[in-house]
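All remarks here apply to the structure that follows.
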Amino acid sequence: MSSDDEELAKDLGLLAALTIGVGTMIGAGIFVLPGQAAAAAGPAVALSFVVGGVISLFTALSASELGTAMPKAGGSYYYVNHALGPLFGCIAGWGNWMGLAFASAFYTLGFGEYLATFLPIPAIGLGIVTLSSFQIGALAAGLVFIAVNYVGAKETGRLQVFIVVTLVGILTLFSVLGFLQTDLSTLRPFFPAETGGATAILPATGLVFVSFLGFAKITTVAEELKNPGRNLPLAVVGSVLIVTTMYAIIMVVLMGVINWRQLSPEFTKTPVLDVAEIAFGTVGLAAVGVGLLTFAGLLATASSANASILASSRINFAMGRDRLISPKLNDIHPNFATPYRSIAVTGGLILLFIVVGDVKTLAKAGSVLHLIVYGLLNVALIIMRESNSEEYQPEFEVPLYPIVPVLGALTSFGLIAFMKPIEIGLALVFVVGGVVWYFAYARSKTEKQGILSEFILSRSEEMPDSAVTAASSMKPDGGQFRVMVPLANPEHEKDLITLASAFARQRNGILEAVHIITVPDQTSLEYAADHLDEHEHNYHEILDEAQRDAETFGVDVETHTIVSHRSFEEVFSTARSHDADLVVMGWGEDAHGSPGRVESALDDLGMDLPSDFLVLKDRGFDPEHVLVPTAGGPDSDLSAEVARLFRDAYDSEVTLLHVADDAAEGEAFLEEWATDHDLAHANLRVETGDVEQAIERAAEDCSMVILGATERGLVSRLVSGSLVADVAEGVDCSVLLAERAHKRGIADRLFGR
C-alpha cells in the first residue's frame with residue numbers, strides 16, 4: 001500500500017529512528033560472525049569493523065541527503081532507479097532484494113545455532129542432503145518469521161524498541177565485565193602472520209560488512225519522522241557510529257578474554273557464550289551470563305532476520321509500483337493486509353538458502369550485493385546534484401560534496417575486490433540477471449525514465465554521441481496502455497469497469513483498479529495500512545469484484561488499495577505516479593470524497609491533468625444512442641475517440657451536435673470536424689440559440705451524452721457557473737465528461753481561455 005505524493009503523519013522521533021537502524025545491525029557481527037572474523041584477521045578484526053563503519057558512514061551521509069529529498073518506499077532502490085533509470089533500478093532492486101534474502105538466511109542460521117545450544121535438535125538426512133541441528137533450528141525459525149510477516153505483526157514497532165534497549169543493556173554489561181577480564185597480551189600480535197598480517201583487514205571487512213546493512217532502512221520511514229531534516233541524518237549516521245563503536249569494543253573484549261585462535265569455528269560455534277561464561281563467572285554468575293547472552297543472541301538474530309524479511313517486501317512493492325516486476329506480487333492479503341505473495345516468494349528463497357548455503361558464503365554474497373547498491377546510491381546523489389532538478393530540494397546536504405559521495409562510491413565498489421572470486425561471481429550473476437531482466441521484461445512495462453537519461457537526452461547537442469546513443473538505447477519503451485479506475489461506490493462499479501475494460505481491450509492495455517481508503521489526518525498512514533479492516537470492513541471486496549468483472553472482458557487487471565488522508569486529490573496523485581494513460585471514474589454525491597460538490601470535482605479537473613479523464617455521471621450504461629456535442633478543441637477530440645470506441649465495440653448510433661450563431665457556418669464546421677475525426681457517417685445536427693437547451697433537447701433521444709470538459713478557468717466558472725454541470729443535471733441519460741491531459745499556467749487557471 002502506498003500514499004504516493006501524500007505526507008505521512010510525523011510521529012517518529014529520533015530515538016525511534018535510531019532503534020530501527022541499531023536493531024537491524026546489532027545482531028550479526030556480535031553473535032554470528034566473531035568466530036569467522038577471528039579466523040580471518042585475528043585481533044585486528046576490530047579494525048575491520050571500523051573500516052566497515054567508515055565506508056558505511058560515507059554512504060549513510062549520502063542516504064541521509066537522498067532520504068530528506070525523496071522520502072519514498074524502497075529506500076536505496078528508489079534513489080538509484082529515480083536518478084540512474086530503470087536499467088540500474090533493476091540491478092539495485094534485484095541486488096537489494098537478493099542481498100536481504102541472503103542476509104535473512106544468514107541471520108536465521110545464526111538463530112538456529114543459538115537455539116541448538118539449549119535444545120536437543122537432531123540432524124536429519126534427506127537423501128543427498130543432510131541438515132545439521134542448527135539448519136533444522138534455522139528452518140523452524142525461518143518458517144515462524146515468514147509466518148509472522150505473512151499475517152502481519154501489529155506491535156512490531158514497540159517490540160523493536162524493547163529488543164534494542166534490552167540488547168544494548170545486556171551487551172553493555174557484558175562489555176564491562178569482559179573488559180575487567182581482558183588480558184592485552186592475548187591481543188599480540190595484533191596482525192598475526194597466519195592471517196596475512198595487516199593485509200587481512202580488508203578481506204575481513206568484506207566478511208563482516210553484512211553487519212552494516214540496516215542503516216539505510218531508516219530512510220524508508222523518512223516521511224514519518226519529526227523534523228526529518230535534522231533527525232534523519234542524526235539517526236542514520238548515529239546508528240552507524242553506535243554500532244561501529246560497539247562492534248569494535250566487543251571484538252577487543254572477546255579476543256582479550258580468550259585467544260583469538262580459540263574463538264575460531266574449529267574450536268567453538270558460540271564464542272560469545274564462551275567469553276560470557278568467563279566474564280560473568282568472575283562475579284559468580286557464569287550460568288546467568290551464558291543464559292543472558294544466549295537470550296540476547298536469539299533476540300538479535302531474530303530481530304535482524306525479521307527486519308530483513310520486512311524490508312525485502314518494501315523493495316518488491318517499490319519495484320512493482322515502477323513496473324520493474326509484476327505488480328501482482330504486491331497484492332494485499334484480504335484478511336492480513338500484508339503483501340503476502342511477495343513475502344511468500346522471499347520466504348521460499350530464504351528457506352532454500354538455509355538448506356544449500358553456509359554462513360560465510362551467505363554473509364559475503366549479501367555484502368557484495370549491498371556494496372554494489374551502496375556504490376550506485378552514491379553515484380545517484382551526484383547525478384541528482386549535478387542535474388539541478390527543480391524537484392530535488394534536500395533538507396540535509398552532504399558535507400564536503402563531492403568528496404564524500406565519491407569516496408562512498410569508490411570504497412563501496414573497491415571493497416568488492418577483496419572478496420573471493422566465487423562471491424564476486426555470484427554477485428555478478430545477479431547484476432547480469434538484472435540487466436537481462438530489464439531488456440527482456442521491464443523495458444516494455446515501465447515508462448519511468450531516470451534523471452540521468454533525461455539530462456543527457458535534453459542536451460543531446462552538447463553531449464558526446466556515445467552518451468546520447470547509450471541513453472537512447474536504454475530508454476524505456478513506454479509500457480502498455482494503462483486505464484486506471486478509482487472505485488468508491490459498489491453500485492456503479494460494474495459500469496465503470498465495463499467502460500474501462502472496453503478502452504483497455506481496444507488498446508491491448510491493462511486495467512488498474514484502485515480503491516482509496518481515507519483516514520483522518522490525525523491517523524498515521526503507516527498505522528492505518530496495518531489496520532485497514534478498522535477503517536473499512538471488508539475493504540477488499542470492492543477490488544475482488546472489480547477483478548472478476550474485468551477478467552470477464554478478457555482484460556489484464558491489477559488492483560491496488562491506497563491509504564490516504566485525502567480522497568479526490570489522491571486520484572490525481574495516483575494517476576501521476578502510476579503513469580496512467582486514461583482515468584475512468586464515477587461522478588456522484590458519494591464519489592471520491594466530494595459529496596455533492598460537483599463544482600469542486602470540476603475545479604480539480606480544470607487543473608493540470610496527468611492523463612486523459614473520463615468522468616461518468618451514471619444513470620445506466622447504455623451506449624446504443626450516443627450524442628457528442630462539439631465546438632472543437634482537444635477535449636472534443638477525446639469525445640470523438642470515445643464515440644468511435646462505442647461505435648466499433650457496441651455498434652452505437654452516433655449523433656454529432658454543434659450549436660452555432662449561423663446555421664450554414666455550423667453545418668460546414670460540423671461536416672469538416674466529423675470527417676477529420678472518422679465520424680463522417682454519424683448523424684449531424686446543427687442548432688442555434690441557447691447551448692444548454694440545445695444539448696438537453698438532443699439528449700432526449702439518446703442513451704448517453706459525451707461532453708468535452710469546459711475550457712474556462714476558475715474565475716469564469718465561479719462567476720457564471722459551469723455549463724457542464726448544468727447539462728449533466730438537466731438530462732435524463734448518463735453523461736460522460738471527457739477531458740484531455742494538459743498543463744495550465746496560472747493565467748489559464750484564473751482567467752480561462
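Predicted, not measured: the structure shown is a model, and the values here were computed from it.
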- Qualifying residues under side chain to side chain donor-acceptor pair (under 3.5 Å), relative to Ser62, sequence neighbours excluded: Asn378
- Query: Between atom CG of Leu381 and atom OH of Tyr392, what is the distance when rounded to the nearest 0.5 Å?
  - Reply: 4.5 Å
- Note on the structure: Sequence neighbours excluded, the answer for side chain to side chain donor-acceptor pair (under 3.5 Å) partners of Asp556 is none
- Note on the structure: For Val483 and Ala500 the tightest heavy-atom approach is CG1-CB, 3.7 Å
- May I ask you to test the Ile91-Leu84 pair for a side-chain heavy-atom distance under 4.5 Å? no
- Task: Could you tell me the separation between the CG atom of Leu139 and the CD1 atom of Ile350, rounded to the nearest 0.5 Å?
- Result: 11.5 Å
- Do you know which two heavy atoms are closest between Ser56 and Phe209, and how far apart they sit? OG-CE1, 3.5 Å
- Query: Side chains of Thr498 and Phe553: closer than 4.5 Å at any heavy-atom pair?
  - Reply: yes
- Item | Test item: Trp437 side-chain N/O and Leu324 main-chain N/O as donor-acceptor pair under 3.5 Å | yes
- Message: Between Gln36 and Leu33 (side chain of the first, backbone of the second, donor and acceptor by atom type, cut-off under 3.5 Å), is there such a pair?
- Response: no
- Residue pair Trp94 / Leu369, side-chain heavy-atom distance below 4.5 Å: no
- With rounding to the nearest 0.5 Å, note down the distance linking CD1 in Ile451 to NE2 in His82. 4.0 Å
- Find out whether Thr411 and Phe58 are in side-chain contact, i.e. whether some heavy atom of one side chain is under 4.5 Å from a heavy atom of the other. yes
- Item | side chain to side chain contact (heavy atoms under 4.5 Å, CB included) assessment of Leu87 paired with Val435 | CA-CA 6 Å; Leu87 173 60; Val435 174; 4.1 Å; yes
- Does a side-chain heavy-atom distance below 4.5 Å link Thr59 with Phe212? no
- Message: Under a 3.5 Å distance rule, please check whether Ser211 uses its side chain to pair with a backbone N or O of Met25 as donor and acceptor.
- Response: no
- Task: Find out whether Val436 and Val432 are in side-chain contact, i.e. whether some heavy atom of one side chain is under 4.5 Å from a heavy atom of the other.
- Result: yes
- Neighbour count above 12 (heavy atom, 6.0 Å) for Leu143 CG: yes
- Query: Is the shortest heavy-atom distance from the side chain of Val514 to the side chain of Glu558 under 4.5 Å?
  - Reply: no
- Passes side chain to side chain contact (heavy atoms under 4.5 Å, CB included), Val345 versus Trp97? Steps please. CA-CA 11 Å; Val345 171; Trp97 185 13; 4.0 Å; yes
- Message: Ignoring hydrogens, what is the shortest heavy-atom contact between Val210 and Ser367? Give both atom names and the distance.
- Response: N-OG, 3.0 Å
- Are the side chains of Val642 and Phe503 in touch, meaning some heavy atoms are under 4.5 Å apart? yes
- Message: Could you measure the distance from the OG1 atom of Thr346 to the CE atom of Met98? Nearest 0.5 Å is fine.
- Response: 6.5 Å
- Mind checking the CE-CG spacing from Met484 to Leu511? Nearest 0.5 Å is all I need. 10.5 Å
- Item | Polar side-chain atom of Gln135 near backbone of Leu109 as donor-acceptor pair, under 3.5 Å | no
- To the nearest 0.5 Å, what is the distance between CG (Leu61) and CG (Leu407)? 11.0 Å
- Message: Going by ring pair (Phe, Tyr, Trp, His ring centres under 6.0 Å), name the residues that satisfy it together with Phe215, two or more places apart in sequence or in a different chain.
- Response: Tyr374
- Item | Pi-cation contact, Tyr401 with Arg385 (under 6.0 Å, within 45°) | yes
- Query: Checking side chain to side chain contact (heavy atoms under 4.5 Å, CB included) for the pair Leu426/Val368: CA distance, chi angles, key distance, verdict?
  - Reply: CA-CA 9 Å; Leu426 183 58; Val368 174; over 6 Å; no
- Ile55 and Ser412: CA distance, side-chain angles, deciding distance, side chain to side chain contact (heavy atoms under 4.5 Å, CB included) verdict: CA-CA 7 Å; Ile55 293 174; Ser412 295; 4.0 Å; yes
- Message: In terms of relative ring orientation, are Phe353 and Phe102 parallel, tilted or perpendicular, with 30° and 60° separating the classes?
- Response: tilted
- Looking at Gly110 and Thr301, what are the two nearest heavy atoms and their distance? C-CG2, 4.0 Å
- Exercise: identify the closest heavy-atom pair between Val379 and Ala409: CG2-CB, 4.3 Å
- Please report the closest heavy-atom contact between Val555 and Ser501, naming both atoms and the distance. CG2-O, 3.7 Å
